[in-house]
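What follows is one structure encoded as structure tokens, with my remarks underneath.
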Amino acid sequence: IQPTAVRRSVVVLQGTVLNSWKVVWVVLADDAIEFYKKKTDNSPKGMIPLKGATLTSPCQDFTKRTLVFKVSTAKNQGHFFQATHLEERELWVKDIKRAITCLQGGKKFARKSTRRSIRLPENVNLSELYVLMKDQDKGVQELKVEKDKRLFNHCFTGNTVIDWLISEGKARNRPEGLMLATGLLNEGFLLPAGDVSKDGAEKGAECVFLDQTEALYYFADSGFFCEGYSSDEDVIMKEEFRGAIVKQGCLLKQGHRRKNWKVRKFILRDDPAYIHYYDPTKGEDNPLGSIHLRGSVVTAVECVPDAKRHEVDGNLFEIITSDEIHYYLQAATADERKDWIKAIQSVSKTGK
């Protein structure tokens, strides 16, 4: 049975024997990183102890691989990981660093925040507040923001959060709103996007939330993504890659011919509405395939032919394109499945 996890997701790991890169299910526990061949496995393929370990990020040992970070054990064994996107790497790095620090101090893992240090009352339920903030109609509205030749998708400004907390009666004034927003930031519900908010988050012992129009933030489980671009490159790009990235991450996909299931990285774009999928061990230069989503139907399904034979069960969904091609996919959790279905449905209706 897998340990109580601080963080868990699909990550690409370099093998210690053949130096090849493999997709694995990685679980960060209080004192170690465990990796499994499949999410459903009960016993790990390997374990990296974190006591006395050091972390290097970004790791520049591989010229053709980006988003790599390295964990070196106390015995100086190096383990290389590659995240599927920038924000995912930053979340892993932050939690691994924290786990190493807690072990050094002989403490149990706890994220940076302590409610007392920011004077947040014990009766404030940050989880409930987060759910209200994420409400599509009444919550904090996510935007696309263009800044320093980069496009930030699904984010919002610091002052917008404080405005919302006051307008919804969650805070009486801006200092009180700032205290709540700082709590959400420290407990990982909100995350900094861009240089201004990241500088604020990294300055002191606690993350500092900035009530500013220049400071950008995003919801921890949203489709946030930042991409660099230039207008010249944009003209040259293939039409189906021009859309803004709405959501990305790893899912299990059933093959069309052999019916076997493999981990693929999916990138969902809007206007035009496409989802591309890639081998996560090989980068994003050449997608293995693309699905045009305009007019497609996406639904949760309880069972898929041949899935159980491959130990694939639960959190399944199906995309049926306008020309009747069926794609079967599995998310890691029920919430993740719900988020993917919602995002794909939205894109299939609005994207051309």
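Using a 30° and 60° split on the angle between ring planes, Y274 and H276 fall in the parallel class, below 30°. The aromatic rings of W340 and F266 sit perpendicular to each other, their planes meeting at more than 60°, with 30° as the lower class boundary. Ring geometry for Y130 against F219 counts as perpendicular: the plane angle is over 60°, on a 0 to 90° scale with 30° as the lower cut. Between F81 and F69, the ring planes lie parallel to each other; the angle is under 30°, not in the 30° to 60° tilted range.
For the atom pair CG of L329 and CD of E318, the computed distance is 9.5 Å after rounding to the nearest 0.5 Å. For the atom pair OG (S296) and CD (E324), the distance works out to 11.5 Å, reported to the nearest 0.5 Å. Separation of atoms OH (Y328) and CG (L316) is listed at 10.0 Å; rounding is to 0.5 Å. A distance of 5.0 Å separates CG in L184 from CG in L126, rounded to the nearest 0.5 Å. Between the CE atom in M47 and the NE2 atom in H79 there is a gap of 10.0 Å [rounded to 0.5 Å]. Distance CG/L67 to OG/S57: 9.0 Å, rounded to 0.5 Å.
Listed for the Y218 side chain is no donor-acceptor partner under 3.5 Å among the backbone atoms of N153. No donor-acceptor pair under 3.5 Å is formed between the side chain of D41 and the backbone N or O of S43. Judged purely by atom type and a 3.5 angstrom limit, Q141 uses its side chain to pair as donor or acceptor with the backbone of G139. Side chain of R269 to main chain of I275: no donor-acceptor pair is present (N/O by atom type, distance under 3.5 Å, no hydrogens or angles). The backbone N or O of C59 sits nowhere less than 3.5 Å from a side-chain atom of T56 that would complete a donor-acceptor pair. Judged by distance alone, with hydrogens and angles left aside, the side-chain atoms of E142 form no donor-acceptor pair with the main-chain N or O of F156 at under 3.5 Å. Although no hydrogens or angles enter the test, the distance criterion places a donor-acceptor pair under 3.5 Å between the side chain of W164 and the main chain of K138.
Side-chain contact between Q77 and I48 is absent, with no heavy atoms from C-beta onward closer than 4.5 Å. The shortest side-chain heavy-atom distance between V68 and W21 falls under the 4.5 Å cut-off. Looking at heavy atoms from C-beta onward, W92 lies out of side-chain contact with V71 at the 4.5 angstrom threshold. D270 is not listed as a side-chain neighbour of L268, based on a closest heavy-atom distance of 4.5 Å or more. Using a 4.5 Å heavy-atom threshold, the side chains of V304 and Q254 count as touching. Side-chain contact between I319 and V298: present, with at least one pair of heavy atoms (C-beta onward) separated by less than 4.5 Å. Between H292 and D323 the shortest side-chain heavy-atom distance does not fall below 4.5 Å. L210 places a side-chain heavy atom less than 4.5 Å from the side chain of Y217.
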Step by step, work out the side-chain contact (heavy atoms from CB on, under 4.5 Å) result for V246 and H154. CA-CA 8 Å; V246 172; H154 290 266; 3.7 Å; yes
Walk me through it: do V161 and M133 pass the test side-chain contact (heavy atoms from CB on, under 4.5 Å)? CA-CA 9 Å; V161 173; M133 287 178 84; 3.6 Å; yes
Yes or no on side-chain contact (heavy atoms from CB on, under 4.5 Å) for F209 and I162, after CA distance, side-chain angles and deciding distance? CA-CA 10 Å; F209 189 92; I162 309 300; 3.9 Å; yes
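Other residues, nucleotides and ligands contribute more than 12 heavy atoms inside 6.0 Å of the CG atom of N173. Heavy atoms from other residues, nucleotides or ligands lying under 6.0 Å from NZ of K342 number 12 at most.
Cluster membership check: L251 shares its hydrophobic cluster with L288, using side-chain heavy-atom separations under 4.5 Å among Ile, Leu, Val, Met, Phe, Trp and Tyr. At a threshold of 4.5 Å between side-chain heavy atoms, the hydrophobic network of Ile, Leu, Val, Met, Phe, Trp and Tyr places L293 and I325 in one connected group.
Sorted by first and then second residue, the pairs that involve residues 156-174 and meet salt bridge (charged side-chain N to carboxylate O under 4.0 Å, His left out), not counting sequence neighbours, are D163-R174, R172-E176, R174-D211.
With 3.5 Å as the limit, one finds no donor-acceptor pair spanning the side chains of D335 and T333.
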